Amino acid sequence: MAEDKLVSRSEDFNEWYNTLVLRADLADYGPVRGTMIIKPYGWTLWENMQQALDRRFKATGHLNAGFPMLIPRSFIEREASHVEGFSPELAVVTVGGGKELEEPLVVRPTSETIIGYAYSKWIKSYRDLPVLINLWNSVVRWELRTKLFLRTQEFWWQEGHTAHATHAEAQAETLQMLDVYLDFARNEAALPAYTGRKSASEKFPGADVTYSLEAVMGDGKALQAATSHNLGQNFARAFDIKYLDRGNELQHCWTTSWGLSTRFIGAIVMAHGDDQGLVLPPRLAPHQAVIVPIYKSEEEQAMVLEACQRVRAMLADAGVRVIADLREGLSPGFKFNDWEMRGVPLRIEIGPKDVAKESVALARRDIPGKAGKSFVPVAGLAAAIIAKLDEIQQNMLARATEFRDANTSHPRDFAGLAAAVVNGFARAWSCGKPECDAAIKEQTKATNRCIPLDQVPGGGPCVYCGEPATEQAYFARAY
RNA sequence: CGGGGUGUGGCGCAGUUGGUAGCGCACCGCGUUUGGGACGCGGGGGCCCGCGGUUCGAGUCCGCGCACCCCGACCA
C-alpha cells in the first residue's frame, strides 16, 4: 500500500524504478537471488500484453505449442556459437529422483535446440513447410546482476520458432515479426521504438542476423525490447532439419526465432511512469478506470454507492475494464494516490454533488491536476469514457515519440557522441568495425544498439575512426 | 568474479563506555473521520543472520562463515 511519496524520477531514476515496481504491486522479490514473483496486478498487465501479441501471431499464421523445460546438455553443445554464448549462464540439473543423472540436463535458457530436435523429426518434405510455432513459457539464465523485470534469473516470454524452405522466406518472416513487435509497441504500449540490425558483437549466439527494437527510457537509456533472429541454416545443420524439395533434392531448412519478454513491462514503467507512479497505456492497463466514491454521512454513503454500482455496471457492459474501490476507512485522497501509483488511466469520482447533478468527475492519469479533470454527465458516460481512453492512448504515444526524438541527436564527431549518450541516443555514421564499437563502449559506456533499416543514402566519416562509412547506427547506454 | 556497504518485529531504522531491546509505518480492535496521502485510545508481534570465542553478563567486542544490496566486467 502506498504510504509515502516516491523518490522523484529525476533525483534517482534507479531508486524510483525499484520502489515503484514494488509499490505499484507489479512484482516482489523471490527467495532465490535474482528471481522475481510477478503479482496478480503485474501478471494481469502481462496477460493483456500476451493477448495483444497472440492475436497478431495468430493473424500471421502461427500456432502455440508447449515444449519441455529440461533439455539434454549435449543439445546446447551442438551449435558452436550457441554454446559459447549460453554456457556461462546455464542452470544445470545433475540429480533426478535422488540419483546422479547419466547426462546432465539444462533448464532451457531458450528453446532453439529442442525445437531443432523436434523439427528434424517432423519435417521431411517441402510440403511440411513452413512450420510456424510460438511458445509461451519461462526460461532461466544465471544472470550475475539482476533487476526486477529488466534482468532476472527466470523470465517469462514468448519465443517464436519457424522453419522455411528458402532463405528469402526466412528473412521475410524475420522482418515480419520485427514489424509485429513494432506495431505492438506503438499501438498497444504507446512506446515508439527504433528498429534495426544488431552489430556482429551484439547479435544472438547462433544467428546469422539479429534485429531488435530499441526503446528510449525516461532517463535516456536504451532498452532492447524485442528481438527477431534469422538463424540461417545454423540450427538446421546442427540438428539435421532437412526436407526434400520439389526436385527430390535434400535441403537444410532456414529457421528463425523471435521473442518478447516480461522485460517489456520494465520498458512501460520506465518510459511512461512519473513521480506519482505508473502511467499505463489504456489498451494494456489491468483497470482502465477506477471509481472512487466520496461520502460523509450514512445517507450519502448509500446514495453514492448505489450510483457507483450503476456506473460500474454501465461501463462494464460497454466493455470498459472498470473497478469500483469500495474499501471502507480509507480517505478519497488516499485512494487517489493509491491508484495513481498503479497507473490507472482514468479515475471516476462520485460524491453527493455528482449524484445530485447526475454527472461524475473524471481525472486523467496522463495529465495531472486540474488540467486533466472534467465533469461528464452519466447519460452517455460509457461512450465518453471510451473516447477519453483512446485520447489518452494517443497522447501517451505522441508524448513518448516527442521525448524519443528530443533525446536523439545526430553527432558528427566523437566528442558530440560522447556528450549525447550521457542521457540519450546518438545516431551517427559507423564503419561497423568491432574495434570502433568496443572503443566507443570503453570510453562512453554506450553500445551500438542497432543499425537502422531506414538508412539515408550516401555516407560520411565514422564517428569514431573517421574512415568512410556507408551506414548509420544508434548508440546509447543500455539496460 | 573484483571494489564498497549492510544484516535488529512484515517494511524502514535507532540502540551511548558491554547491563537483558525501542521508534515510525504496516497489522488487529473500538470510536470519530472521508472532494488530494485522517485521528484518538487500546492491542499483538523480535533465538538482534549463523557458528565459535572474550566476559559475571554480548545486539554491542574478537574470529570464521553465510546472505543480501550498490558500483564494475557479463547479459533478453
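Proteins get letters first, then strands, A, B, ... in listed order; numbering begins at 1 in each. Everything numeric in this text was worked out from a predicted model, so none of it was measured.
B:G59 and B:G3 are spaced 32 Å apart, taking the P atom of each and rounding to whole Å. For the P atoms, the distance linking B:U60 with B:G53 amounts to 14 Å, nearest Å. B:G5 and B:C41 have their C1' atoms separated by 42 Å, with the value rounded to a whole Å. Nucleotides B:G72 and B:G63 place their C1' atoms 30 Å apart, quoted to the nearest Å. Nucleotides B:C56 and B:U20 have their C1' atoms positioned 13 Å apart, rounded to a whole Å. When the P atom is used for both B:A14 and B:C49, the distance is 14 Å, rounded to whole Å. Nucleotides B:A73 and B:U16, compared at atom C1', are 43 Å apart to the nearest Å. Remark: the separation of the C1' atoms in B:C51 and B:C47 is 13 Å, to the nearest Å.
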#### Entry: Trace of the salt bridge (charged side-chain N to carboxylate O under 4.0 Å, His left out) decision for A:Asp274 with A:Arg365
CA-CA 10 Å; A:Asp274 64 18; A:Arg365 181 62 183 87; 2.8 Å; yes

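Figure legend. B:G63 is base-paired to B:C51; pairs are counted as Watson-Crick or G-U wobble with both atom distances under 3.5 Å. Using Watson-Crick or G-U wobble geometry with both donor-acceptor distances under 3.5 Å, B:G40 finds its partner in B:C30. Summarising the base pairing, B:C25 is matched to B:G10 through a Watson-Crick or G-U wobble pair whose two defining distances lie under 3.5 Å. Of the nucleotides present, none pairs with B:U16 by Watson-Crick or G-U wobble criteria with both distances under 3.5 Å. Remark: B:G35 base-pairs with no nucleotide; criterion is Watson-Crick or G-U wobble with both hydrogen-bond distances under 3.5 Å.
Counting non-hydrogen atoms under 4.0 angstrom, A:Gly259 reaches nothing in the nucleic acid. Here A:Pro88 lies out of heavy-atom contact (under 4.0 Å) with every strand. Note on A:Leu150: a base of the nucleic acid sits closer than 4.0 angstrom, heavy atoms only. Among the protein residues, A:Thr152 comes within range of the nucleic acid bases, having at least one heavy atom under 4.0 Å from a base atom. Among the protein residues, A:Ala361 comes within range of the nucleic acid bases, having at least one heavy atom under 4.0 Å from a base atom. Base engagement by A:Asp354 is indicated by at least one non-hydrogen atom pair under 4.0 Å involving a base atom. Here A:Lys335 lies out of heavy-atom contact (under 4.0 Å) with every strand. Residue A:Lys373 is out of contact with every strand shown, counting any heavy-atom pair closer than 4.0 Å.
With ring centers used as reference points, A:Tyr119 lies 6.0 Å or more from A:Phe239. Aromatic ring centres of A:Phe155 and A:Trp157 lie closer together than 6.0 Å. Residues A:Phe425 and A:Tyr194 bring their aromatic ring centres within 6.0 Å.
Residue A:Ser228 holds its OG atom at 14.0 Å from CZ of A:Arg197, rounded to the nearest 0.5 Å.
Within the structure, every side-chain polar atom (N or O) of A:Ser331 is placed at least 4.0 Å from both OP1 and OP2 of B:U34.
Checked by distance alone, A:Asp338 brings no side-chain donor or acceptor within 3.5 Å of a matching partner on the base of B:G37. With hydrogens and angles ignored, a donor-acceptor pair under 3.5 angstrom links the side chain of A:Glu340 to the base of B:G36.
Side-chain proximity of A:Asn337 to the nucleotides B:C70, B:A38, B:G36 is greatest for B:G36. The side chain of A:Asn18 approaches B:C70 more closely than any other nucleotide in the set B:G35, B:G37, B:C70. Here the side chain of A:Ser261 is nearest to one of B:A76, B:G35, B:C71, namely B:A76. In this structure, the nucleotide among B:A38, B:G35, B:A76 sitting nearest to the side chain of A:Pro332 is B:G35.
With rounding to whole Å, A:Lys370 atom NZ is found 11 Å from B:G36 atom C1'. With rounding to whole Å, A:Arg347 atom CZ is found 12 Å from B:G37 atom C1'. When rounded to the nearest whole Å, the span between CD of A:Glu112 and P of B:A76 equals 12 Å. The distance from atom CZ of A:Phe336 to atom P of B:G35 is 8 Å, rounded to the nearest whole Å. The distance from atom CZ of A:Arg145 to atom C1' of B:C71 is 6 Å, rounded to the nearest whole Å. Atom CZ of A:Phe334 and atom P of B:U34 are 17 Å apart (whole Å). Separating the CD atom of A:Glu328 from the P atom of B:C39 is a distance of 19 Å, rounded to the nearest angstrom. As rounded to whole Å, 15 Å separates atom C1' of B:A76 from atom CG of A:Leu148.
Take the nearest nucleotide of RNA chain B for A:Lys445 and for A:Tyr29: the residue whose nucleotide is more 5' is A:Tyr29. In terms of position on RNA chain B, the residue among A:Thr146 and A:Gln153 whose nearest nucleotide sits closer to the 5' end is A:Thr146.
With its glycosidic angle within 90° of 0, B:C47 adopts the syn conformation.
Here A:Phe155 lies parallel enough and close enough to stack on the base of B:A76, with planes under 30° and ring centres under 5.5 Å apart.
A tilted orientation is assigned to the rings of A:Trp16 and A:Phe13, their planes being inclined by 30° to 60°.
Under 4.0 Å is where a charged nitrogen must lie from a carboxylate oxygen, and between A:Asp275 and A:Arg9 no such pair does.
Just one residue in the list A:His62, A:His161, A:His229 forms a ring pair (Phe, Tyr, Trp, His ring centres under 6.0 Å) with A:Trp258, and that residue is A:His62.
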